[in-house]
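Below is one structure; the comments refer to it alone.
What you see is a predicted model; the values in this text were computed from it and never measured.
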Amino acid sequence: MGEYNEKKETCGTICLKYLLFTFNFFFWLAGLAVMAVGVWTLVQKSDYISLLPSSTYAATAYILVVAGGIVMVTGILGCCATFKERKSLLKVYFILLMCIFILEILAGILAYIYYQQLNDELKQSLKETMTQKYQQPGEEKVTNAVDKLQQEFKCCGSNNSQDWKESIWIKSPEAERRLVPDSCCKTVTPNCGIRDHPSNIYKVEGGCITKLESFIRSHLLIIGAVGLGIASVQLFGMIFTCCLYKSLKSEPY
């Protein structure tokens with residue numbers, strides 16, 4: 001068999017190259033979207049993370065950020081491996097795809113598990129967190145999160161405004177005769193929490209637990225859907241990579 005100075009590409013190989021290149025372009029965009037969802041969850045919604053007893057919610061977001069970063073690097077590597085037709089690069093590309101696939105499946109599974117456990121977890125911990133840590137030394141994150149929660153969702157207390165009667169801070173002189181924090185007020189002014197009439201505070205609107213649960217659940221659905229959605233798309237990338245690798249390996253040189 002004679003030696004080839006130039007590799008003769010079959011029609012199938014050329015098609016696979018362009019399919020994989022197109023896949024990598026959209027894959028890179030998907031990586032950007034995955035990272036954006038993770039960063040958005042951590043930056044915009046980080047206040048509420050301090051109200052959750054477990055780190056599962058934050059962990060799913062961190063996994064998406066890491067996976068998104070690797071996806072963007074992998075997309076560029078995939079384009080190089082495709083057009084240079086380097087089998088060693090294709091191997092590395094396939095391994096990275098597999099790692100990302102596992103990370104995103106993990107994020108989806110964690111989001112689903114936490115989605116199921118969220119109600120019980122919040123029932124056990126939110127009231128205690130709000131009454132025991134609000135306005136306490138070293139608990140500034142919790143204090144800010146509670147104030148933001150009550151104002152943003154127009155609620156007062158975990159189950160209702162009566163929860164604040166058990167608050168360490170409300171019972172202390174620092175509360176200055178407040179019955180609820182000022183953030184329970186419909187219009188926040190200094191010491192407005194002294195008066196707990198429904199016209200002044202969010203008393204009949206209910207507690208914050210159901211509203212926080214709905215909020216976290218909606219974000220868990222987004223995290224889970226993004227993770228599992230991108231993971232399913234990656235299967236096509238792995239198939240294209242295997243086909244191209246096999247095609248290159250079988251061609252004469």
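Contacts classified as side chain to side chain donor-acceptor pair (under 3.5 Å) and involving residues 127-142 (residues at least two apart or in different chains) are given here: Lys127-Glu166, Tyr134-Asp147.
To the nearest 0.5 angstrom, Leu126 atom CG is 7.0 Å from Leu149 atom CG.
For Asp196 (side chain) and Leu179 (main-chain N/O), no donor-acceptor pair under 3.5 Å exists by modelled atom type. Asn159 places no side-chain N or O within donor-acceptor distance of the main-chain N or O of Gly207, the cut-off being under 3.5 Å. Side-chain N or O atoms of Lys203 include none that pairs as donor or acceptor with a backbone N or O of Cys184 at under 3.5 Å.
When every heavy atom of Tyr202 is checked against every heavy atom of Gln151, the shortest pair comes out as CE1-NE2, 4.2 Å. Residues Cys156 and Cys208 share a closest heavy-atom pair of N-SG, 3.8 Å. Summarising the geometry of Lys211 relative to Phe153, their closest heavy-atom pair is NZ-O, 3.0 Å, with the distance given to 0.1 Å. Nearest heavy-atom pair, Gly157 versus Met130, reported as atom, atom and distance to 0.1 Å: C-CE, 3.8 Å. In this structure, Asp163 and Ser158 approach most closely via the heavy-atom pair OD2-N, 3.1 Å.
Ile70 and Ile95 fall into different hydrophobic clusters, where Ile, Leu, Val, Met, Phe, Trp and Tyr side chains are chained together by heavy-atom contacts under 4.5 Å. The same ILVMFWY cluster, assembled from side-chain heavy atoms under 4.5 Å apart, contains both Phe26 and Met35. Placement of Val188 and Ile194 in two distinct hydrophobic clusters is found when ILVMFWY residues are connected by side-chain heavy-atom separations under 4.5 Å, directly or transitively. With hydrophobic clusters built from ILVMFWY side chains whose heavy atoms lie under 4.5 angstrom apart, Met72 shares a cluster with Leu97. By the criterion of side-chain heavy atoms lying less than 4.5 angstrom apart, applied directly or through intervening Ile, Leu, Val, Met, Phe, Trp or Tyr residues, Tyr62 is not grouped with Tyr112; the two fall into different hydrophobic clusters.
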| task | Could you check Lys165 against Ile170 for side-chain contact (heavy atoms from CB on, under 4.5 Å), going step by step and ending with a plain yes or no? | result | CA-CA 7 Å; Lys165 289 182 177 180; Ile170 289 295; over 6 Å; no

| message | I'd like to know whether Trp169 forms a side-chain contact (heavy atoms from CB on, under 4.5 Å) with Arg178, so could you lay out the CA-CA distance, the side-chain angles of the two residues, the decisive distance to 0.1 Å, and finally the verdict. | response | CA-CA 10 Å; Trp169 178 70; Arg178 289 181 179 88; 3.5 Å; yes

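The side chain to side chain contact (heavy atoms under 4.5 Å, CB included) check on Val73 picks up nothing, with sequence neighbours excluded. Legend: residues meeting side chain to side chain donor-acceptor pair (under 3.5 Å) with Asn160, ordered by chain and number and at least two apart, are absent.
Applying the side chain to side chain contact (heavy atoms under 4.5 Å, CB included) test between Gln150 and each of Pro181, Ser161, Cys185 identifies Pro181 as the sole match.
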